[in-house]
Structure formats: C-alpha cells, structure tokens
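Only one structure is covered here, and it is reproduced in the block below.
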Amino acid sequence: MAFLNINGRSVAYRLLGAEANPLVVLAHPLGMSQAVWDDVLPALLPRYRVLTWDLPGHGASQAWGEGAITPADLASEALALADHAGAGRFHFAGTSIGGVVGQQLVSEHGERLLSATLTNTGAVIGNAELWNTRAGRVRQEGLVAMSEEIVPRWFAPACFEAEPALKAGWCTQMGRGDDDAYALLCEMLGRDTFTGKLSGKGVKVQLFGGSEDLATPPATLEALAAELDGAPLEILEGVGHVPSMEVPGLFAEKLLAVMAVDLGDVANQGVAYATGLETRQQVLGEEHVARSTAKATRLDAPFQQMITRLAWGELWSNDDLTRRERSMITTGILAALGREELTLHLKTARRIGLSEAELRQVLMHVAIYGGVPAANHAFSLAKELGWGSGEA
C-alpha cells in the first residue's frame with residue numbers, strides 16, 4: 001500500500017501491474033475498503049494495471065475534515081490517482097458509492113474513460129430522509145454499534161452460510177472507519193443524485209446488479225440504465241451488494257469482457273487507427289509515440305499509420321495473448337533476425353514487466369533455434385540497456 005497527498009489529505013492506494021498495460025481504477029462500496037477487490041486481482045493483473053484506493057475515512061485513508069463531500073470531490077481523487085499513475089485514459093469499475101463516483105466521471109469526465117462498469121448503484125439510491133437519519137445515528141452511536149445492523153445488508157444469505165466469519169470480519173473493518181466521514185458520505189448520497197445528468201455522454205457503460213441486493217435492488221439499476229440511454233444491465237442471480245466478494249471469479253470474467261478492446265469486423269473493415277494508437281501509446285509510452293509521429297514526413301506518414309493499425313491495432317490490441325506474452329514473442333523474433341527495433345522492444349519489455357529470468361529464457365531460445373551469434377548480440381544489447389545490472 002502507498003499514500004498520496006491529495007488536497008492536504010493522505011489517501012491510501014495500491015498501484016499494481018505493468019506500466020505498459022491499460023489502467024483500471026476500482027472504487028469500493030460505502031463502509032468497506034479497497035480490500036473488496038482482492039479476489040479479482042489475480043484475474044486482472046495479467047492484462048491490466050490496477051489502481052484501488054480507500055475513500056475518505058475508510059481503510060487507511062485520512063478522514064475528510066471540514067465541509068461536505070460531493071461526488072465531484074471523490075471523482076477528483078480518482079483522477080488525481082490516475083494522473084499519478086500516468087494514465088491519460090483508463091477503465092473504471094465501482095460498486096455502490098463507488099458507482100456514484102463512476103457516474104460523476106461519466107457525467108463530467110467522459111473523455112478520460114475507456115469504459116465504466118457500475119455495479120449495485122443508482123442515479124438515486126434510497127432517499128434523503130433515509131441517509132440523513134443514518135448519518136445522525138452514526139454520529140451519535142458510532143460505526144462499531146451500527147455495523148451489526150448494516151453489514152448483513154451487503155451479502156446474500158447464502159454467502160454468510162458459506163463463510164460464517166464474514167459478518168464479524170466486516171463488522172470489525174467497518175467499525176475502524178471514521179464516523180464523521182461515513183456520515184458525510186451518507187449525506188452526499190441523500191443530497192446528490194444523477195437524474196437527468198447521464199444521457200448522451202458517449203461512454204461505454206455496463207451495469208451489474210444482484211438479485212439479492214437489499215441496498216440497490218434491480219429496480220434501482222433499471223432506473224440507472226434508463227438514465228444512461230439504455231445501457232446494458234445484467235442482474236447476477238443469488239448475489240447481494242458486493243459481487244467482487246461474493247462471486248469474484250464470475251465478476252472478474254464479466255469485467256474482463258467489458259474492458260476487452262472491441263476490434264470490430266477485422267476481416268472486412270480492419271481496426272480503427274485510434275484503437276491502434278491507444279495501444280501503441282500504452283505499450284511504448286506517449287512520449288515515444290509523439291516523437292515518432294513528429295518525425296514522420298509525407299514519405300513515411302502512411303507507413304506509420306499502417307503499422308499503428310496493423311501491428312498495434314490488429315495484433316497488440318487483441319486479447320488472445322497478454323502483452324507480456326506478445327513482448328516475449330516480439331523480442332525473440334527481433335533478436336533472432338538481428339533487427340534494429342530490438343533496442344526499442346528491450347526497453348518495452350521493461351515497461352511490460354518482464355523479469356530478468358524471462359528475458360534470459362527468451363534469448364536462450366534464440367540461441368538454440370535462431371543461432372548463438374544472434375543471441376550473443378541480443379544479450380550484449382540488453383546489458384547496454386541495464387538488464388542484468390540490477391537496474392532492469
């Protein structure tokens with residue numbers, strides 16, 4: 001876990017995975033913490049860089065301080081963290097109040113989003129009276145006392161039956177939160193809604209709900225889908241309020257499907273230049289791509305466009321292989337052929353997160369199947385670039 005100072009507050013976050021992978025930002029429900037994503041991380045990390053964080057007064061993040069909290073405040077935290085990770089655009093997934101953060105991003109910052117997956121949330125959640133009453137009780141009674149009443153609403157009954165210790169564990173976690181920060185977030189949910197604010201935003205949105213969710217029942221998700229111009233909605237049978245914990249494998253599978261690049265009708269129409277450019281910037285870095293583009297003349301500009309569409313659009317944007325796997329294949333081929341692009345892809349291998357052992361094995365294969373001189377040259381070049389010195 002790491003910490004970032006945002007507007008004078010210490011915010012706890014995790015940034016995991018290779019720099020060259022697309023970023024997905026995950027926002028947790030009210031009263032919980034970024035730990036709700038732990039069981040989906042193994043499925044996401046081979047293909048995505050993952051950023052999670054704790055909301056104000058939750059987990060290890062500092063409490064809020066003076067004044068009300070707004071959805072814009074929480075979205076600003078998400079954007080500050082994405083900027084810190086160096087991501088111009090990113091995927092977003094949020095549950096409950098995390099989905100409210102997502103709605104704010106869709107409404108006001110859609111240009112930053114590659115996709116938005118909103119689960120167990122709504123344009124309107126409950127009503128002002130309900131939330132203001134809960135805020136008052138939390139300030140008076142405290143989260144430790146209230147947790148016994150609130151936590152059971154998060155999970156389907158079958159989930160508690162399968163994991164008897166789940167309730168006690170999350171009651172303990174919730175009780176460690178800051179009472180006032182929780183109350184301020186309750187008041188935000190009662191005050192700030194997204195009715196009439198989500199139409200025509202042009203963002204790819206997928207909604208998920210749970211058939212057993214008491215806090216945001218399917219009807220709440222259906223109303224949100226209507227606000228989002230009929231965004232696709234799937235209700236997960238037998239699931240309560242937190243699918244990332246109740247059915248992590250299923251939820252990860254569905255999230256990966258949402259975030260996968262839609263290459264369209266490749267055979268008849270090819271892949272859009274913009275798709276290839278996005279991937280090229282993620283893998284090689286925006287500065288490198290900007291330099292290559294700036295150097296292009298009338299002579300080679302069509303060539304640059306072609307490799308962006310074909311190499312980076314049709315190949316590197318395809319999800320059948322991870323970028324780590326593609327890096328090893330590409331590095332091995334370039335090393336065997338002795339191509340000058342090997343230098344670039346040895347640097348790229350570092351961004352993608354190849355280990356020294358993995359690179360060594362790639363070049364050992366080159367030695368056996370492509371020739372010792374080619375591998376010797378590749379090893380020499382890799383050492384010039386810092387591999388093997390403790391810097392790679």
**Complete:** Residues passing the side-chain contact (heavy atoms from CB on, under 4.5 Å) test with D39, sequence neighbours excluded, are P248

**Prompt:** Do S317 and T279 meet the criterion of a side-chain donor-acceptor pair at a distance under 3.5 Å?
**Reply:** yes

**Request:** State the NE2-NZ distance between H288 and K347, to the nearest 0.5 angstrom.
**Result:** 8.5 Å

**Message:** If we count only N and O atoms by modelled type, under 3.5 Å, do the side chains of T95 and N120 hold a donor and an acceptor together?
**Reply:** no

**Request:** Not counting sequence neighbours, list each pair that qualifies as a side chain to side chain donor-acceptor pair (under 3.5 Å) and has a residue in residues 301-310.
**Result:** R280-Q304, R280-T308

**Prompt:** Taking NZ, NE, NH1 and NH2 as the nitrogens, is one of them in K197 or E227 under 4.0 Å from a carboxylate oxygen of the other?
**Reply:** no

**Message:** Quick check against the 3.5 Å criterion: does T133 have a side-chain atom that pairs as donor or acceptor with the backbone of E129?
**Reply:** yes

**Message:** Tell me whether E286 is salt-bridged to R291, with the criterion being a basic N under 4.0 Å from an acidic carboxylate O.
**Reply:** no

**Request:** Ignoring hydrogens and angles, state whether a donor on the side chain of H241 or S96 is under 3.5 Å from an acceptor on the partner side chain.
**Result:** yes

**Request:** May I ask you to decide if the ring planes of W170 and W154 are parallel, tilted or perpendicular, using 30° and 60° as cut-offs?
**Result:** perpendicular

**Request:** Only counting residues at least two apart or in another chain, list the ones meeting side chain to side chain donor-acceptor pair (under 3.5 Å) with R49.
**Result:** none

**Asked** Is there a donor-acceptor pair under 3.5 Å between the side chain of T331 and the backbone N or O of L346?
**Response** no

**Asked** Between S10 and Q62, does any side-chain donor sit less than 3.5 Å from a side-chain acceptor?
**Response** no

**Asked** Between H91 and Y48, what is the ring plane arrangement, given parallel below 30°, perpendicular above 60°, and tilted in between?
**Response** perpendicular

**Message:** Here's one to test your reading of the geometry: is the NZ or CZ of R350 within 45 degrees of the ring axis of W387 and under 6.0 Å from its centre?
**Reply:** yes

**Item:** side chain to side chain contact (heavy atoms under 4.5 Å, CB included) assessment of R14 paired with L51
**Value:** CA-CA 6 Å; R14 292 179 297 183; L51 193 156; over 6 Å; no

**Asked** Do we see a donor-acceptor contact under 3.5 Å between the side chains of S76 and D73?
**Response** no

**Request:** Verify, without hydrogens or angle tests, whether T330 (side chain) and S327 (backbone) share a donor-acceptor contact under 3.5 angstrom.
**Result:** no

**Message:** Tell me every residue that passes side-chain contact (heavy atoms from CB on, under 4.5 Å) with R351, counting only those two or more places apart in sequence or in another chain.
**Reply:** E19, A20

**Request:** Over all heavy atoms of both residues, which pair between I6 and E77 is shortest? Give the atoms and the distance, please.
**Result:** CD1-O, 4.1 Å

**Fill in**
Sequence neighbours excluded, the answer for side-chain contact (heavy atoms from CB on, under 4.5 Å) partners of S61 is R9, V11, A12, D54

Could you pull out every donor-acceptor pair under 3.5 Å between side chains of residues 252-265 and any protein atom, sequence neighbours left out?
| from | atom 1 | to | atom 2 | distance (Å) |
| --- | --- | --- | --- | --- |
| K254 | NZ | E234 | OE1 | 3.3 |
| K254 | NZ | E234 | OE2 | 2.9 |
| D262 | OD1 | G264 | N | 3.0 |
| D265 | OD1 | N268 | N | 3.4 |
| D265 | OD1 | N268 | ND2 | 3.4 |
| D265 | OD2 | N268 | ND2 | 2.9 |

**Asked** Quick one: do E358 and R324 make a salt bridge, cutoff under 4.0 Å?
**Response** yes

**Request:** Could you tell me whether the side chains of Y182 and H58 share a donor-acceptor contact shorter than 3.5 Å?
**Result:** no

**Request:** Identify whether the distance between the nearest side-chain nitrogen and carboxylate oxygen of R139 and D179 falls below 4.0 Å.
**Result:** no

**Item:** Neighbour count >12 (heavy atoms, 6.0 Å) for atom CZ, R191
**Value:** yes

